[in-house]
**Student:** 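Below are the structure tokens for one structure; questions will follow.
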Amino acid sequence: MSDTQKSFRALLHAQRVWDVPLPRFDASAAPADPLDLFRAWFAEAVAAGQIEPHTMTLATVDAEGRPDARTLMLHDADERGWHFGTHTTSEKGRQLAARPHAALTFYWPAQGRQVRVRGTVTPVGRAESRADLRARSTGALAAALTGTQSEVLPSRDELVRASEEAWERARAEPDTEVETWSRYVVEPHEAEFFQGDAERRHVRLRYRREAVGPWTRELLWP
Ligand SMILES: Cc1cc2nc3c(=O)[nH]c(=O)nc-3n(C[C@H](O)[C@H](O)[C@H](O)COP(=O)(O)O)c2cc1C
């Protein structure tokens with residue numbers, strides 16, 4: 001084994017998980033709707049000082065059924081589901097157009113918590129997508145205006161040029177439309193809340209429902 005490999009392994013194996021004071025989670029007192037529990041856990045993550053608790057992994061599948069995943073920002077969570085924004089023309093946008101199913105995961109290590117959501121993905125439509133972008137920062141609009149997400153970039157200079165133009169336009173025309181930008185909503189049929197435990201007796205509470213209707217709740221072996 002090379003020295004680089006050895007030192008990498010030593011560093012890796014020195015890392016710890018569930019090594020901070022963790023909250024107790026009484027699953028028997030959990031609300032009937034996973035949205036209520038998500039909102040409560042989100043507020044607790046913010047209060048616990050969790051960095052960027054509004055970031056999540058979005059997993060999709062490509063045309064061959066091969067998984068793909070990336071980090072995105074949560075734009076909202078309401079009775080329709082969990083919302084995010086992206087380009088319809090991006091890799092994920094194309095994947096979702098062909099196979100409108102996704103999984104989301106949030107990881108909040110400050111409290112040893114994970115939330116998983118699975119569901120059907122629907123674009124919310126032009127009016128809401130436009131409002132979504134308008135409500136966000138100049139930087140978010142500039143990023144959206146830069147466009148061509150997931151295409152091959154021939155050089156860094158090209159990005160700088162396109163980005164400078166996009167920032168200028170975002171400042172001058174804050175209400176400008178970005179045709180390819182859409183807000184999407186993941187309509188959940190399953191959500192799981194995981195509370196880590198130092199003794200590895202983690203609590204996993206899964207919510208499931210067939211269609212729109214009441215949620216069933218069950219505990220899972222960790
Ligand atoms: C913290 C963080 C937040 C991100 N938020 C978004 C987002 O809200 N929307 C988005 O399209 N990409 C976002 N990205 C970039 C994506 O991870 C990804 O690189 C991009 O969407 C292209 O993915 P795709 O090629 O699978 O379509 C974010 C990346 C990071 C690291």
Side-chain angles (χ1 to χ4, degrees), residues 1-61 66-86 92 95 101-121 184-209 214-222:
M1 201 195 302
S2 70
D3 285 350
T4 313
Q5 182 61 34
K6 267 192 218 147
S7 61
F8 166 71
R9 274 198 193 157
L11 191 60
L12 178 61
H13 295 158
Q15 304 310 307
R16 291 289 165 259
V17 70
W18 305 306
D19 205 19
V20 294
L22 298 173
R24 288 240 161 264
F25 171 43
D26 178 6
S28 66
D33 191 319
L35 176 63
D36 294 331
L37 185 54
F38 179 80
R39 285 174 172 160
W41 275 29
F42 184 80
E44 287 167 23
V46 173
Q50 174 60 55
I51 293 169
E52 302 180 0
H54 60 320
T55 59
M56 61 195 183
T57 303
L58 169 78
T60 50
V61 289
R66 293 175 304 193
D68 203 356
R70 74 293 285 160
T71 310
L72 291 190
M73 244 120 62
L74 178 70
H75 285 208
D76 201 1
D78 61 15
E79 47 298 323
R80 284 178 296 168
W82 275 252
H83 300 235
F84 62 89
T86 196
K92 75 184 95 46
Q95 291 169 355
H101 307 283
L104 299 174
T105 59
F106 294 83
Y107 178 44
W108 296 321
Q111 297 159 293
R113 286 177 169 177
Q114 171 181 249
V115 180
R116 301 164 62 178
V117 176
R118 299 177 75 203
T120 307
V121 185
Y184 291 83
V185 58
V186 181
E187 296 166 39
H189 57 76
E190 195 174 307
E192 187 204 305
F193 295 77
F194 176 112
Q195 173 63 68
D197 175 75
E199 272 125 5
R200 299 339 187 229
R201 291 190 278 270
H202 314 305
V203 180
R204 294 180 64 192
L205 175 66
R206 183 171 66 190
Y207 290 78
R208 274 199 296 183
R209 69 174 173 194
W215 290 93
T216 58
R217 277 169 286 171
E218 54 211 343
L219 293 174
L220 301 176
W221 283 85

**Student:** Between R204 and W221, is there a donor-acceptor pair closer than 3.5 Å when you use the side chain of the first and the backbone of the second?
**Tutor:**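 Yes, the answer is positive, given that a donor and an acceptor are paired below the 3.5 Å cut-off.
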
**Student:** Hey, could you give me the CG/CG distance between L72 and L74, rounded to the nearest 0.5 Å?
**Tutor:**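 Answer for the CG-CG pair, L72 versus L74, is 9.5 Å.
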
**Student:** Which pair of heavy atoms, one from D197 and one from H202, lies closest together, and at what distance?
**Tutor:** N-ND1, 2.9 Å

**Student:** Is a donor on one side and an acceptor on the other found under 3.5 Å between the side chain of E190 and the backbone of R118?
**Tutor:** no

**Student:** Say you draw a straight line from CZ of R208 to OG1 of T216; how long is it, rounded to the nearest 0.5 Å?
**Tutor:**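 One finds 6.0 Å between CZ of R208 and OG1 of T216.
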
**Student:** Side chains of residues 8-18: which donor-acceptor partners sit under 3.5 Å, not counting sequence neighbours?
**Tutor:**
{"from": "H13", "atom 1": "ND1", "to": "R9", "atom 2": "O", "distance (Å)": "3.4"}
{"from": "Q15", "atom 1": "NE2", "to": "L11", "atom 2": "O", "distance (Å)": "2.9"}
{"from": "R16", "atom 1": "NH1", "to": "H13", "atom 2": "O", "distance (Å)": "3.4"}

**Student:** Can you name the nearest heavy-atom pair linking A27 to V203, along with the distance?
**Tutor:**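 Where A27 meets V203 most closely, the heavy atoms are CB-CG1, 4.0 Å.
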
**Student:** Is there a side-chain contact between V186 and T120 (heavy atoms, below 4.5 Å)?
**Tutor:** no

**Student:** Are there over 12 heavy-atom neighbours, none belonging to R24, within less than 6.0 Å of that residue's CZ?
**Tutor:** no

**Student:** What is the minimum heavy-atom distance between P23 and Q111, and which atoms define it?
**Tutor:** CD-O, 3.5 Å

**Student:** Find the distance between CZ (F84) and CG (D76) and round it off to the nearest 0.5 Å.
**Tutor:** 13.5 Å

**Student:** To the nearest 0.5 Å, tell me how far E192 CD sits from E218 CD.
**Tutor:**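 Reported value, rounded in 0.5 Å steps: 10.0 Å.
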
**Student:** Taking all atoms of both residues into account, what is the closest heavy-atom pair of A102 and T60, and its distance?
**Tutor:**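 Looking at all heavy atoms of both residues, the closest pair is CB-CG2, 4.4 Å.
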
**Student:** Please tabulate, for side-chain N and O atoms in residues 32-47, each donor-acceptor pair with protein atoms closer than 3.5 Å (sequence neighbours left out).
**Tutor:**
{"from": "D33", "atom 1": "OD1", "to": "L35", "atom 2": "N", "distance (Å)": "2.8"}
{"from": "R39", "atom 1": "NH2", "to": "A77", "atom 2": "O", "distance (Å)": "3.3"}
{"from": "E44", "atom 1": "OE1", "to": "R113", "atom 2": "NH1", "distance (Å)": "2.7"}
{"from": "E44", "atom 1": "OE1", "to": "R113", "atom 2": "NH2", "distance (Å)": "3.4"}

**Student:** Going from CH2 on W108 to CZ on F194, what distance comes out if it is rounded to the nearest 0.5 angstrom?
**Tutor:** 14.0 Å

**Student:** Would you say Y207 and P31 make side-chain contact, with heavy atoms under 4.5 Å?
**Tutor:**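 Heavy-atom side-chain distance check passes, below 4.5 Å.
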
**Student:** Of the non-hydrogen atoms in V61 and P67, which two are nearest, and what is the gap between them?
**Tutor:** CG1-CA, 4.0 Å

**Student:** Please find the pair of heavy atoms, one from P53 and one from F106, that lie closest to each other, and give the distance.
**Tutor:** O-CD2, 3.8 Å

**Student:** Report yes if some heavy atom in the side chain of Q50 is under 4.5 Å from a heavy atom in the side chain of P109; otherwise report no.
**Tutor:** yes

**Student:** Would you say the side-chain atoms of R70 pair up with the backbone N or O of L58, donor to acceptor, closer than 3.5 Å?
**Tutor:**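 A pair under 3.5 Å: yes.
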
**Student:** Calculate, to the nearest 0.5 Å, the distance between atoms CG and CZ belonging to L104 and R116 respectively.
**Tutor:** 11.5 Å

**Student:** Under 3.5 Å, is there a donor-acceptor pair between the side chain of E52 and the main chain of M73?
**Tutor:** no

